[in-house]
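Below: the structure, in structure tokens.
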Amino acid sequence: MEILEGLNEEQKKAVLHFSSPLLVLAGAGSGKTRVITHKIMYLVEKLSIPVDRILAITFTNKAASEMKERVIDALDLKEEPVWITTFHSLSAKILRIEAEHIGYNRDFVIYDEEDSKKAIKDVIKELNVDGEIYKPEKIKNVISQIKQNLDESVLDFYAFTLPHLPKIYEKYNEHLVFSNAMDFDDLLLNVVRLFRENPDILKKWQDKFDYILVDEYQDTNLVQHEILKLIVGNRDCITVVGDPQQCIYTWRGANPENILEFENDFPDTKIIKLERNYRSTEKILYVANKVIKGAKGRWKEKILKLWTDKKGGEDIHLVILETDKRESEFIGKRIKSLVEHGYNFSDFSVLIRMSYLSRNIEEAFIKHNIPYQVIGGVKFYERAEIKDILSYLRFALQPKDTQAFKRIINLPPRGIGEKTFQKIHSFFETDWIQALNDAYENLPKKVQIRVQEFLELVEYIRRHGNEKPSETAKYIVDVIGYESYLEDKYKDWEDRIANVHELFNALKEVEKSGRTFLEFLEESSLSQAQDNIQDSNTVKIMTVHAAKGLEFPVVFIAGLEDGIFPSGRAFEDIEQMEEERRLFYVAITRAKEKVFMSYARKRASFSGYLNETKPSRFLKEIKEDIKILSDKKPISKKEPVKSDTFSVGGIKKGQLVKHKAFGKGVVISINGNKATVLFENVGQKTIMKDFLETV
DNA sequence: CACAATTGAGTTTTT
DNA sequence: CTCAATTGTG
């Protein structure tokens, strides 16, 4: 039985258990993904279940594709096992097939966070309710809560403070339906609706799968749980793997206690615990265990105590610096010296609580020539310039898409503002192309010409977009003069144009791989931070959330200050503070060999002012168990508080500059690393950017 | 009525 | 500093 080779006793039990639903409580680094992968192999090899009759759900796309690869290799498969996937992709797949049954068209679009917020904002405006009280952000969260918990009673809870909420909720959902769009929550919720309202369809999907496995179960929410319950039905064919102490998505509807509910919903559940850790040293686990021991809550009885036979290990260090800049310097220098002692850059990860903290660290890495990659932050497909172009394609292929239409109808400016849009809106019946056509006669002559051009462009995209998205995107950029539009509007237009070109490349890949544009669009809207991790020899900078499921030989945890880690927003809420604790636990348990924690006594705010900080409250609980180094060198007057590394490279059009020989001038244009400057005294010269200083 | 220029507010985590 | 919202201007 080679499949079971190399598994420990508990892992073997988990792979071999089929007589009832199985809950595997698996601590960090205890080989839970291994269990799932091996169980899939066992099902296929020993129980002769075809791989496409197994549904395996992971938390990230990256985990899914890694699992796919392992299964393909082990079973020598010819085709990709498509049902190794994430909840959101699974739901999208089901809904593409069954859309008609819930009043949608099968080429529905997926609204991202921005689209949803804008839609809510539109609704709030339309209903003419007080925008001060009804903030889109807040409303979006409440609506999300309703959808994630399948619980409209949330509306009652806000009946007093937000009396118009039910109306907003209703209108927003109507907006989504007539736009043939779903938000992230709908993707899951609509599957539940579909299954509940159509027993025959549910039966079909139940029959499709013989076994279901779910990873990272602690971070599933109620809708996801409900989807599982429906697909499993009254069968035993389910294994879930999770760790309540690693639950870090309660703000997305997850709950460490959900894992306890599993036993109630799936009778005769067998529980197996995996507590042997294969990742970290004993010292790291000691500190991690101590951090999580402070946790409260009902799930505490299920707490896992990790152990290892990797005795000893190196001390965890806490390094205290005077300023945030020095903290970044410390991280950079320490990485450099460890690299000199044989480490690769890819052995390191810098973990942070908030993505903006990466700025400082990036600057230090640039200065010290440390290759790095930032995971997460502003995502490629959320960038304005990318969404602009994609919205043209989106709209042409799905003219009901309201947010795409609103985004592009006046981009570039066509003289269509709020009032004209309202006029077009009043003609809306089936979609926005129809609305435009019907409103046409009532528009000013000037606008008519532009609308005509717009409609012709859209028609062109409609005919070619799905077949040749890359060329079509180029065509759009040319026809609307998008590059010069960017040049006029943004200081960093060069980067933005480069991004647009990057999009062309991505679309070319789509053509090559034979996928349709709509498939690509779905992938891009469901893409995650981790998907972009390169296998290159670089230091990875990321938030703790983005580090879920990953491991590194050396981990830096930066910014351990009260208000940052734990987040200031968690101060008044015990539950949220508990989540911060689990987050800290997750951060520590990413490390195999070394952990460097750090914080700065003073941290610069965005305006450049140095604020005093307080050390993270979690540090108190472990201070006896870690080695503390404190650098108290006073801050010299000359030491820059805010970095200047970015502005050195930041020679932009219109920028006032100084040159050692030519004196002062203004930048007229930039070409690669050369800039053309009009100088006060010597006139126009073209010189290397490196020789210019900003004024 | 659309658009440019100016002021003002403000940093969780993300499918 | 960087974005969104608001105010003036053509």
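In what follows, chains are A, B, ... by sequence order, proteins preceding strands, each numbered from 1.
Between A:Phe584 and A:Phe618, the ring planes lie parallel to each other; the angle is under 30°, not in the 30° to 60° tilted range. Classification of the A:Trp432-A:Phe428 ring pair by plane angle, with boundaries at 30° and 60°, yields tilted.
When heavy atoms are screened at a 4.0 angstrom cut-off, A:Ser355 is found touching the sugar-phosphate backbone but no base atom. Among the protein residues, A:Glu579 comes within range of no part of the nucleic acid, since none of its heavy atoms lies under 4.0 Å from any strand. Backbone-only contact: A:Thr420 has heavy atoms under 4.0 Å from sugar-phosphate atoms and none from a base. Counting any heavy atom pair closer than 4.0 Å across all strands shown, A:Ala570 reaches no nucleic acid atom. Within the nucleic acid shown, A:Gln148 has no heavy atom closer than 4.0 Å to any nucleic acid atom.
For A:Lys446 and B:dA2, the shortest distance from a side-chain N or O to OP1 or OP2 is not below 4.0 Å.
If A:Glu418 and A:Ser567 are placed on DNA chain B by their nearest nucleotide, the residue sitting closer to the 5' end is A:Glu418.
Ring pair A:Tyr172/A:Tyr169: centre-to-centre distance not below 6.0 Å.
Rounded to whole Å, the distance from CD1 on A:Ile248 to P on B:dT12 is 17 Å. The distance between atom CD of A:Gln224 and atom C1' of B:dT15, rounded to the nearest whole Å, is 9 Å. Atom CZ in A:Phe584 sits about 17 Å away from atom C1' in B:dT13, given to the nearest Å. When rounded to the nearest whole Å, the span between CG of A:Asp115 and C1' of B:dT15 equals 14 Å. Rounded to an integer number of Å, the gap from A:Ile409 CD1 to B:dA2 P is 12 Å. Computed from coordinates, the A:Lys117 NZ to B:dT15 P distance equals 13 Å when rounded to whole Å. At whole-Å resolution of the value, OH in A:Tyr249 and C1' in B:dT14 are 6 Å apart. Rounded to whole Å, the distance from CG on A:Asn61 to P on B:dT15 is 8 Å.
Classification of A:Lys117 and A:Glu114 as a salt-bridged pair fails, no side-chain N sitting under 4.0 Å from a carboxylate O. With salt bridges taken as basic N to acidic carboxylate O contacts below 4.0 Å, none links A:Asp243 and A:Lys32. Between A:Glu363 and A:Lys367, no side-chain nitrogen of the basic residue sits less than 4.0 Å from a carboxylate oxygen of the acidic one, so the salt-bridge criterion is not met.
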*Classify every nucleotide of nucleotides 5-10 of chain C by which part a protein heavy atom approaches to under 4.0 Å, writing B for the base, S for the sugar-phosphate alone and - for neither, in 5'-to-3' order.*
S-----
*Just by protein heavy atoms under 4.0 Å, how would nucleotides 3-10 of chain B read 5' to 3' in B, S and -?*
S------B
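Under the 6.0 Å distance and 45° angle rule, A:Lys548 counts as a cation-pi partner of A:Phe59. A cation-pi geometry, defined here as NZ or CZ lying under 6.0 Å from the six-membered ring centre and within 45° of its normal, does not hold between A:Arg394 and A:Phe405.
Stacking between A:Trp251 and the base of B:dT12 is absent under the criterion of ring centres within 5.5 Å and planes under 30 degrees.
A:Arg569 contributes no side-chain N or O that forms a donor-acceptor pair with the base of B:dT12 under 3.5 Å.
At a threshold of 4.5 Å between non-hydrogen side-chain atoms, the residues A:Val214 and A:His225 do not count as touching.
Here the side chain of A:Lys419 is nearest to one of B:dA2, B:dT15, B:dT13, namely B:dA2.
Put simply, the residue from A:Val544, A:Leu351, A:Leu357 that forms a side-chain contact (heavy atoms from CB on, under 4.5 Å) with A:Phe565 is A:Val544.
Of the residues in residues 539-549 of chain A, A:Thr543, A:His545 come within less than 4.0 Å of DNA chain B through at least one heavy atom, sorted by number.
A:Gln528 and A:Thr60 share no donor-acceptor pair across their side chains, judged by distance under 3.5 Å alone. One side chain, A:Glu216 or A:Gln218, offers a donor N or O that lies under 3.5 Å from an acceptor on the other.
Atom NZ of A:Lys121 has 12 or fewer heavy atoms from other residues, nucleotides or ligands within 6.0 Å.
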